[in-house]
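Quick notes on the structure that follows.
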Amino acid sequence: MNERILISGASIAGLTLAHWLARYGFRPTIVERAPRLRTGGNGVDIRDDAATVIERMGLMPRVRELAADVHGMKFVDAADRAVARIDTRGAGSVEIMRGDLVALLHEATDAEIIFGDSISAVEQDDDGVTVAFEHAPARRFDLVIGADGMHSNVRRLAFGPEERFIRHKDHYFAFGNADAAFGENRWVTMFNTPGKMTGIYRSGNHDQAKAYFIFRSDPLDYDHRDTAEHRRLIGEAFADQAWAPTRALLDSALADPDLYFDALGQVHMDSWSNGRVALAGDAAWCASPASGAGAELAIVGAYRLAGELAAANGDHQVAFARYDTVQRPLVDKKQQIGPNVGLMVPKTDGGRCVRDALVRLSVMKVAGAVERRLQARTARPLPDYRRAA
């Protein structure tokens, strides 16, 4: 197999996909709009089939070495007194900072990467795809894969405007760097007022902490690439918070050049392919950060897409159909985020009190353990495509 495959997006899904495509004999190229790897972000969980994929890539020892070592979450009142805690150790996953995972995947990926550019047009025919770029000359590829996030440029070009596919989940969130002097080491500390949450993430193995913010809102009219507008929206939403560290956390996060702000949204599509163009990761099925499954879905989906292309000997029509069949049940399950957002960001003071009581009674921890056992009993083994390639 010598097919030339262009991947848009050098994040978790794109880098994982490029790794496996190269191992199966394809020629992947990645184009990334940013001038460098995007190494920001919060902690992400490597669990279940995603852990299997990382093991097969030979990266699990390094993932464990770089693990965030966070013990759990605690909720505080305005006086910074802990009112409830939930210990998340023993959850059956390894948590690693998103930036550390991206760096590891980059090291393991043997592919050409074009930074500082983006796809401006795709034109398909029977033999391939002509791709125009914003800066580089046009090139021909056999296939194009969009792994470029919830606001996917490839999805817009090949499938239509994002309004057809993104469902707003009633909240906006942001995170950026923060002073590690705030918050308890190895804990995620959260403060709530109705419809809002301010938090600080303190990894036990990192000097840099992360501040994050979530607020409830109807859809807002703004440019998702306008960082000045992002800073204004976050600053206004949290200007009235009574928790003492809020102002310092805001100042730190708003000064972070890698500040991230977006809606809690989900992507729902009937098909993840259109001819020679397919989608992976958040571009195809974003489950929202509230699912806690973004990295898992990205890693497993990329592995399956590359594997199905290898098993079909490069026949994209067969491979894309199989990819949809084997990946969709996992996506459907992870998009059912249930009460997660309501528990993290209660709408009322009464809801917050109920949440804190449930945490103190360990109801949430027990429910999570039961769910993990049920999933383990019904899970199907992840195919080892290496044998078919």
Charged N-O contact under 4.0 Å between E112 and R139 | yes
Only counting residues at least two apart or in another chain, list the ones meeting salt bridge (Lys or Arg N to Asp or Glu O under 4.0 Å) with D207.
-> none
All heavy atoms of D384 vs all of R56, minimum pair found to be CA-NH1, 3.6 Å
Keeping the roles fixed (side chain from R164, backbone from F159), state whether a donor-acceptor pair exists under 3.5 Å.
-> yes
Of all heavy-atom pairs linking C286 and G265, the shortest is SG-O, 3.4 Å
Where do R276 and F320 come nearest, in terms of heavy atoms and distance?
-> C-CE1, 4.1 Å
So, the side chain of R304 versus the backbone of V326: is there a donor-acceptor pair under 3.5 Å, distance only?
-> yes
Check residues 219-227 and write down every donor-acceptor pair under 3.5 Å in which the side-chain atom is one partner and the other belongs to a residue at least two apart or another chain.
residue: D223; atom: OD1; partner: R225; partner atom: N; Å: 2.9
residue: D226; atom: OD1; partner: A228; partner atom: N; Å: 3.2
residue: D226; atom: OD1; partner: E229; partner atom: N; Å: 3.2

Give a yes or no on whether R140 atom CZ has more than 12 heavy-atom contacts from other residues, nucleotides or ligands under 6.0 Å away.
-> yes
F173-Y260 aromatic ring centre distance below 6.0 Å | yes
Between D45 (side chain) and E296 (backbone), is there a donor-acceptor pair under 3.5 Å?
-> no
Check the side chains of S93 and R47 for a donor-acceptor pair under 3.5 angstrom, ignoring hydrogens and angles.
-> no
Donor-acceptor contact present, side-chain E32 to main-chain G116, <3.5 Å | no
Which atom names give the shortest non-hydrogen contact between P28 and F26, and what distance separates them?
-> CD-O, 3.2 Å
Side-chain donor-acceptor pairs under 3.5 Å in residues 12-22, sequence neighbours left out?
residue: T16; atom: OG1; partner: I12; partner atom: O; Å: 2.7
residue: H19; atom: ND1; partner: A108; partner atom: O; Å: 2.7
residue: H19; atom: NE2; partner: R23; partner atom: NH1; Å: 3.3

Check whether more than 12 heavy atoms from other residues, nucleotides or ligands sit under 6.0 Å from atom CG of D80, and answer yes or no.
-> yes
Salt bridge check: are D258 and R38 linked by an N-O gap of less than 4.0 Å?
-> no
If we only count heavy atoms from C-beta on, is the K196 to D240 side-chain gap below 4.5 Å?
-> yes
Indicate yes or no for a side-chain donor-acceptor contact from D117 to the backbone of A136 under 3.5 Å, with no hydrogens or angles considered.
-> yes
Rounded to the nearest 0.5 Å, what's the gap from CD1 on I96 to CE on M60? Could you check?
-> 9.0 Å
D148 side chain vs V154 backbone, donor-acceptor pair below 3.5 Å | yes
Y201 to A68 - nearest heavy-atom pair and separation = OH-CB, 3.4 Å
Between H171 (side chain) and G195 (backbone), is there a donor-acceptor pair under 3.5 Å?
-> no
Is the centre of the F175 ring less than 6.0 Å from the centre of the F213 ring?
-> no
Report yes or no: do H151 and D262 form a side-chain donor-acceptor pair below 3.5 Å?
-> yes
Take atom CD of E123 as the centre, draw a 6.0 Å sphere, and report whether it contains more than 12 heavy atoms from other residues, nucleotides or ligands.
-> no
Just wondering, do M269 and R155 contact through their side chains at under 4.5 Å, heavy atoms?
-> yes
Could R328 and W285 be counted as a cation-pi pair, given that NZ or CZ must be under 6.0 Å from the ring centre and within 45° of the axis?
-> no
Using a strict cut-off of less than 4.0 Å between a Lys/Arg side-chain nitrogen and an Asp/Glu carboxylate oxygen, indicate whether K74 and E184 qualify as a salt bridge.
-> yes
Decide whether D218 and H168 meet the rule of one side-chain donor and one side-chain acceptor closer than 3.5 Å.
-> no
Polar contact flag, side-chain donor to acceptor under 3.5 angstrom, R98-S11 | yes
Exam field: side chain Q241 to backbone W243, donor-acceptor pair closer than 3.5 Å | no
Backbone N/O of R27 and side chain of R4: donor-acceptor pair under 3.5 Å | no
Taking the side chain from R355 and the backbone from L343, do they hold a donor-acceptor pair closer than 3.5 Å?
-> yes
